[in-house]
J.: 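Please see the structure below; I have some questions.
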Amino acid sequence: MATKDYLGWDQTLFRDQDVFEIDFVPDQLHHRDRQLRELAFHIRPALRGGRPLNAICKGLPGTGKTTCVKKLFADIEEATRTLMPVFVNCQVERTRAKVFAKVYEQLVGHAPQTNGVPQRKVLAAIARHMLDEQQVVIVCLDDINYLQDAETVNGVLYTLIRTHEEYPGTRMGVIATLSDVHRDLKAELDACVTSVFQPAEISFDPYTAGEMCAILKDRAVQGLYPGVLSAEMLDFVVTQTIAPWDLRVGLDLIKRSVLLAETAGRKEVCRADVCAAYEHSRYVHLACTVRTLSAAERRLLRHIAEMSRASAGLTSGEVFRSAKERMQLSYSSFFDRLRKLDEMRLIGVQHRNEGGRTRGIALRYERDLVVAACG
Ligand SMILES: Nc1ncnc2c1ncn2[C@@H]1O[C@H](COP(=O)(O)OP(=O)(O)OP(=O)(O)O)[C@@H](O)[C@H]1O
Ligand SMILES: [Mg+2]
């Protein structure tokens, strides 16, 4: 090929492709007014120089927790210099040292020297910066459950919210996000943490089908040229999004469908594009949700997938008996984990008319893919 035309970079159906990226923060966050207002209520004291109140944002994966906090933080940055928002992704920064290095980096503007430097020095530098700049700090610990262990969770929270005891005049608050809706984080904390960390819980309910449709439509308008995704194709995308009940599938589906139409030299997405894109997009849900499971939940899911190899129609009784041989599991914790995997739409659980608690269990994805995703 003589030219580089095959790259097709000169024609695009996207007005703005970033709109479909996983970390894109839209200007308008639909259907999250209550959560944004509640978050704003908790940080309001800090806008006047006081200490922010602490909060936990809790909701299933994909319900907009991270996006809401990022939107709030962007608005704070635009509005004031008195309150400094610091965003820490606990999937990346999993230890105490890494969390504090991230806080330092975002406040001071460059990473701290950590080689051989004791953590106390990094903390002291953070406190000095806050006092010199007269800044109140609000730290988001996004996906707090990813911190290395319970000791790290306690250690990080203890240090952040009690900084003022060692460095009088400093003011910090914490917003944590958590996608495990059944986990009671407060109950897991040490008494010395809970005596100061009294977070309000802000719930992020799953979106309804209508809400997901409105959000996807808004993104399509923002990110695509008019006419690229017809109303009929948008409806089709929404239908495919509702199966795993995950907005991220819909966003990925739009992006991939449009790329396929673009590559074929068409100006409009057709049904075949959406069907072909769905073969990839549907796994977005599997990959994103498996990552949020605890090791024990992942083990059970993997076990169910492995059992599905041998038997098409599994029952809860046979899975429990077999799983119990492999892992420590009580009857009630087994059903708790089963309920969670069902809520997350990784498996389907159906009542059987055989009396007792017997349920039929079916994987929602191909077993090999589930095994691979569970690692
Ligand atoms: N209200 C909304 N309006 C527009 N887009 C949204 C909204 N809520 C979520 N999204 C989009 O859905 C995707 C998932 O949202 P987000 O990452 O905030 O979910 P989450 O609750 O943090 O999930 P997890 O628990 O997996 O971290 C993102 O791409 C985000 O842009
Ligand atoms: Mg998140």
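Order of appearance sets the numbers: ligands from 1, and atoms from 1 within every ligand.
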J.: What do you reckon, does Tyr207 put a non-hydrogen atom under 4.0 Å from ligand 1?
T.: yes

J.: Can you tell me if CD on Glu165 sees more than 12 non-hydrogen neighbours from other groups inside 6.0 Å?
T.: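 Atom CD in Glu165 is crowded, with more than 12 foreign heavy atoms closer than 6.0 Å.
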
J.: Taking only heavy atoms of Leu29, which atoms of ligand 1 are found under 4.0 Å from at least one of them?
T.: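 Listed by number with element, the hits are 1 (N), 2 (C), 3 (N).
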
J.: Could you check atom 10 (N) of ligand 1 against the protein and tell me its nearest heavy-atom contact, residue, atom and distance included?
T.: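 That would be Leu247 CD1, 3.6 Å.
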
J.: Report, in ascending order of atom number, the atoms of ligand 1 lying under 4.0 Å from any heavy atom of Ile215.
T.: 1 (N), 2 (C), 3 (N), 4 (C), 5 (N)

J.: To the nearest 0.5 Å, what is the distance between CZ on Arg271 and OG on Ser230?
T.: 10.5 Å

J.: Tell me, which protein residue and heavy-atom name are nearest atom 5 (N) of ligand 1, and how many Å apart are they?
T.: Arg219 NH2, 2.9 Å

J.: Does ligand 1 have any atom sitting under 4.0 Å from a heavy atom of Gly62?
T.: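 The answer is yes: ligand 1 sits under 4.0 Å from a heavy atom of Gly62.
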
J.: Check the side chains of His30 and Asp218 for a donor-acceptor pair under 3.5 angstrom, ignoring hydrogens and angles.
T.: yes

J.: Taking only heavy atoms of Asp143, which atoms of ligand 1 are found under 4.0 Å from at least one of them?
T.: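 Matching atoms, with element in brackets: 27 (O).
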
J.: Gln135 versus His129: any side-chain heavy-atom pair under 4.5 Å?
T.: yes

J.: Got His164 and Arg51 here, is their nearest side-chain heavy-atom distance under 4.5 Å?
T.: yes

J.: Looking only at protein heavy atoms, which one is nearest to atom 13 (C) of ligand 1, and what is the separation?
T.: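 That would be Arg248 CG, 3.6 Å.
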
J.: Please write down residue, atom name and distance for the protein heavy atom closest to atom 29 (O) of ligand 1.
T.: Ile22 O, 3.2 Å

J.: Should His30 be listed as contacting ligand 1, given a heavy-atom distance under 4.0 Å as the test?
T.: yes

J.: Is a donor from one side chain sitting under 3.5 angstrom from an acceptor on the other, for Thr315 and Arg321?
T.: no

J.: Is the shortest distance from a heavy atom of Arg291 to ligand 1 less than 4.0 Å?
T.: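 It does not; every heavy atom stays at 4.0 Å or beyond.
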
J.: For atom 18 (O) of ligand 1, what is the nearest protein heavy atom, given as residue, atom name and distance?
T.: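 Heavy-atom neighbour on the protein nearest atom 18 (O) of ligand 1: Thr67 OG1, 2.4 Å.
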
J.: With heavy atoms of Phe24 as the reference, note each atom of ligand 1 found under 4.0 Å away.
T.: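 This gives 31 (O) as the contact atoms.
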
J.: Side-chain donor-acceptor pair under 3.5 Å between Asp149 and Thr152, yes or no?
T.: yes

J.: Just wondering, do Glu297 and Leu300 contact through their side chains at under 4.5 Å, heavy atoms?
T.: no

J.: Looking at the Mg ion (ligand 2), is there an N, O or S atom belonging to Thr66 that lies under 2.8 Å away from it?
T.: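 Of the N, O and S atoms in Thr66, at least one lies under 2.8 Å from the Mg ion (ligand 2), which means yes.
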
J.: Could you establish whether Cys288 and ligand 1 come within less than 4.0 Å of each other, counting only heavy atoms on the residue side?
T.: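 No, Cys288 has no heavy atom closer than 4.0 Å to ligand 1.
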
J.: Check whether Tyr365 forms a cation-pi arrangement with Arg282 (NZ or CZ under 6.0 Å from the six-membered ring centre, at most 45° off the ring normal).
T.: no

J.: Counting each atom of ligand 1 from 1 as listed, which ones have a heavy atom of Pro26 under 4.0 Å away?
T.: 4 (C)

J.: For Tyr283 and Glu366, which I'm curious about, is there any donor-acceptor pair between the side chains at under 3.5 Å?
T.: yes

